[in-house]
Every structure is written in C-alpha cells, then in structure tokens.
Amino acid sequence: MKILIIEDDAQTRDYVAAGLKEAGHTVDAAKDGYEGLFLAQEASYGLLVVDRMLPGMDGLSLVKKLRGAGSSVPVLFLTTMCGIDDRVEGLNAGADDYLVKPFAFSELEARVNALLRRPRETIEQKFLKVSGLEIDLMKRLVTRDGQCIDLQPTEFRLLEYLVRHAGQVVTRTMLLENVWDFHFDPKTNIVETHISRVRSKLNVGDKPDLIQTVRGAGYRVYETL
C-alpha cells in the first residue's frame, strides 16, 4: 500500500518510513504542511500519517482542507498533544485515528493495518438510499427529498454508517469504532453531539426523524411510510 508521511522531525519521519517500508509498504514523505497537502492532492495514497504540529500549515488545517475537497483517504495523526480535547478536535477535523508520541512502532503498525483493513466503497455501489434520503458515495453528497444536506466529513461518515446498517440497532461502541476508530470510551458525548447535529440537518421542515434512539441500546435508521 502507498502511504504518505507528513512529519517535520527528520528522525521520526525516517524511523516511521523505514518501518513501514520493511512492512512492505511504498512510502513517500513530506517535511511540512504545504508539501504534504500538495502530494496528498497530486497522488493516490491508501493512508496518510500526519503530524499535527507542522511548519507552514498545521496538520489540523491540512486534514480539514483535504476533507473539504472531498478526500476520504484515511488519516492517522501523530502528535505530542495528548489531551482528550486535542484528540476530539483532531477526529472532528476528519482524522480517522490518533496516536500520541512517543509511541511503539508495533502499535503504529497495528493502527495502520486496522485503517487499511477498513472496507472501501466498491465501484458498483455509488448510492445509498432510504426513505427519501440519498447518499452519493462518489461525490460525497447527501440529499433528502431532493434537498441538499450540508454535512461535515465526520457527520457524513456517521450518517453513511447508520444508513449502511438501516433497520439494525447500531450501538455507541460500534459508532466509536467505525466512525472515529476509537477502541476505547473517550468519556465524552461526541457520539450524542454528532447524532444531534445530523438529526437537525436532516429534519429541516418538520420532516420525520430518520434516526431513532433505541433506549439503552443505540440508534437505528428506519424506513418511513
């Protein structure tokens, strides 16, 4: 798999690049945010490994620009910023995982492999549809009854996951693992906050609520009559 490392510290950059190459990956590297953004937009990568504190353009801004341009490439943040608010901010910006420095390469490799195992949209499946809601997976657009719904990248992934499992109860843990790639409970209301935001955007004009809260269990998208 082709991986791009965006890291200004040469020692860390070389260490990660060497390890990933030994694991069989093709690796490119950038030393600042502007170079990293250029490479990420010019070439096709299976994964980006991004330092949050970069010269020129910080990692948070870089990922926001990529997501705003419609890129869905998985992003793993590497950072010394270890607070829970820092992690939430990074994930809300569009990152898929968050690893704090210093780190063991074995953990980095495990997280890289987990992100690369995530199922990608197949060419055959371009749209998801349920109860007047349509998700264009190629253009990353959402409409309900023909009206365009403006969603942030994380909101899009959340709705996509719920719709892919329409009719099924999706637990909070499932959402944390599959939308945010959290394999622990961050002890915040990140799921509930995003559910509320998506609901408010989908239900404009007093439309029926597509996202049902199943008390004590989770959430479910269901067909309306």
Side-chain angles (χ1 to χ4, degrees), residues 37 40-41 43-48 60 62-76 88-97 114-182 189-215 217-225:
L37 180 63
Q41 292 176 327
S44 177
Y45 293 97
L47 177 71
L48 306 184
L60 205 67
L62 185 154
V63 172
K64 286 181 178 179
K65 285 185 178 294
L66 287 174
R67 297 302 186 226
S71 173
S72 61
V73 60
V75 174
L76 168 62
V88 170
E89 184 181 29
L91 294 165
N92 283 340
D96 299 274
D97 200 359
L115 289 173
L116 294 177
R117 284 197 301 268
R118 280 187 174 183
R120 311 296 289 176
E121 295 87 9
T122 63
I123 295 176
E124 293 77 14
Q125 187 173 28
K126 297 181 179 180
F127 300 95
L128 298 174
K129 299 180 181 181
V130 59
S131 301
L133 181 75
E134 182 172 304
I135 301 177
D136 186 326
L137 298 173
M138 305 301 290
K139 296 181 179 179
R140 313 295 286 181
L141 296 176
V142 177
T143 58
R144 186 173 186 187
D145 298 331
Q147 181 179 358
C148 185
I149 309 295
D150 184 21
L151 297 180
Q152 296 299 312
T154 304
E155 295 169 350
F156 184 95
R157 294 198 301 273
L158 172 60
L159 181 62
E160 178 187 350
Y161 188 81
L162 289 170
V163 172
R164 284 187 182 276
H165 296 82
Q168 305 173 28
V169 174
V170 176
T171 67
R172 184 174 185 273
T173 298
M174 291 168 66
L175 292 174
L176 286 171
E177 290 184 352
N178 291 280
V179 177
W180 286 271
D181 203 32
F182 273 171
N189 63 347
I190 187 173
V191 173
E192 293 77 9
T193 298
H194 279 76
I195 288 285
S196 177
R197 289 177 183 171
V198 172
R199 273 181 169 148
S200 66
K201 293 181 178 183
L202 292 180
N203 299 346
V204 171
D206 295 325
K207 290 184 173 65
D209 192 354
L210 291 181
I211 304 176
Q212 177 187 17
T213 298
V214 182
R215 188 175 297 276
Y219 305 94
R220 175 172 54 205
V221 167
Y222 64 99
E223 291 276 2
T224 58
L225 300 177

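In this text, all values refer to a predicted model and were calculated from it rather than measured experimentally. Start at 1 with the first residue, then count along the sequence. Side chains are part of it too, since the values below use all heavy atoms of this structure and drop only hydrogens, waters and symmetry mates.
Screening Lys129, Lys139, Arg144 for a salt bridge (Lys or Arg N to Asp or Glu O under 4.0 Å) with Glu134, the sole residue that qualifies is Lys129.
Taking both residues in full, the closest heavy atoms of Leu91 and Asp97 are given as CD2-N, 4.0 Å, listed atom of the first, atom of the second, then distance. Contact between Leu210 and Ser131 at its shortest, heavy atoms only, is CD2-CB, 3.7 Å. Between Ile211 and Arg199 the shortest heavy-atom distance is O-NH2, 2.7 Å. Of all the heavy atoms in Val63 and Ala93, the pair that sits closest is CG1-O, 3.7 Å. For the pair Val73 and Leu47, the tightest heavy-atom approach, listed with the atom from each and the gap, is CG2-N, 3.8 Å. Here the shortest heavy-atom pairing between Pro74 and Gly46 reads CD-O, 3.3 Å.
Using a 4.0 Å cut-off between a side-chain N of Lys or Arg and a carboxylate O of Asp or Glu, Arg117 and Asp96 do not qualify as a salt bridge.
In this structure, the side chain of Arg67 engages the main chain of Gly94 through a donor-acceptor pair within 3.5 Å. In this structure a side-chain-to-backbone donor-acceptor pair under 3.5 Å is present from Lys201 to Asp150.
Atom-to-atom distance recorded for Asn189:CG and Ser196:OG is 9.5 Å, nearest 0.5 angstrom. Separation of atoms CD1 (Ile149) and CG (Leu159) is listed at 9.5 Å; rounding is to 0.5 Å. Note that CG of Leu141 is 9.0 Å distant from CZ of Phe127, once rounded to the nearest 0.5 Å. Separating the CD atom in Gln147 from the NZ atom in Lys207 is a distance of 5.0 Å, to the nearest 0.5 Å. If you take OG on Ser71 and CD on Gln41, they are separated by 8.5 Å, rounding to the nearest 0.5 Å.
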Check your understanding: How far apart are the C-alpha atoms of Tyr219 and Glu192, what are their side-chain angles, what is the distance that settles it, and do they pass the side chain to side chain contact (heavy atoms under 4.5 Å, CB included) test?
Key -> CA-CA 10 Å; Tyr219 305 94; Glu192 293 77 9; 3.7 Å; yes

Check your understanding: Going through the checks in order, is the side chain to side chain contact (heavy atoms under 4.5 Å, CB included) test met by Leu151 and Glu160?
Key -> CA-CA 11 Å; Leu151 297 180; Glu160 178 187 350; over 6 Å; no

Exercise for review: Show your working on side chain to side chain donor-acceptor pair (under 3.5 Å) between Thr154 and Arg197 and close with a plain yes or no.
Suggested key: CA-CA 11 Å; Thr154 304; Arg197 289 177 183 171; over 6 Å; no

Check your understanding: Val75 and Leu62: side chain to side chain contact (heavy atoms under 4.5 Å, CB included), yes or no, with the steps?
Key -> CA-CA 11 Å; Val75 174; Leu62 185 154; over 6 Å; no

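Annotation: side chain of Leu66 is in contact with side chain of Leu48 (closest heavy-atom distance under 4.5 Å). Residues Leu175 and Leu162 meet the side-chain proximity criterion, which asks for heavy atoms closer than 4.5 Å. Within the 4.5 Å cutoff, the side chain of Asn92 has no heavy atoms near those of the Gln152 side chain. Leu133 is not listed as a side-chain neighbour of Val221, based on a closest heavy-atom distance of 4.5 Å or more. Side-chain contact between Ile135 and Phe156 is present, with heavy atoms from C-beta onward closer than 4.5 Å.
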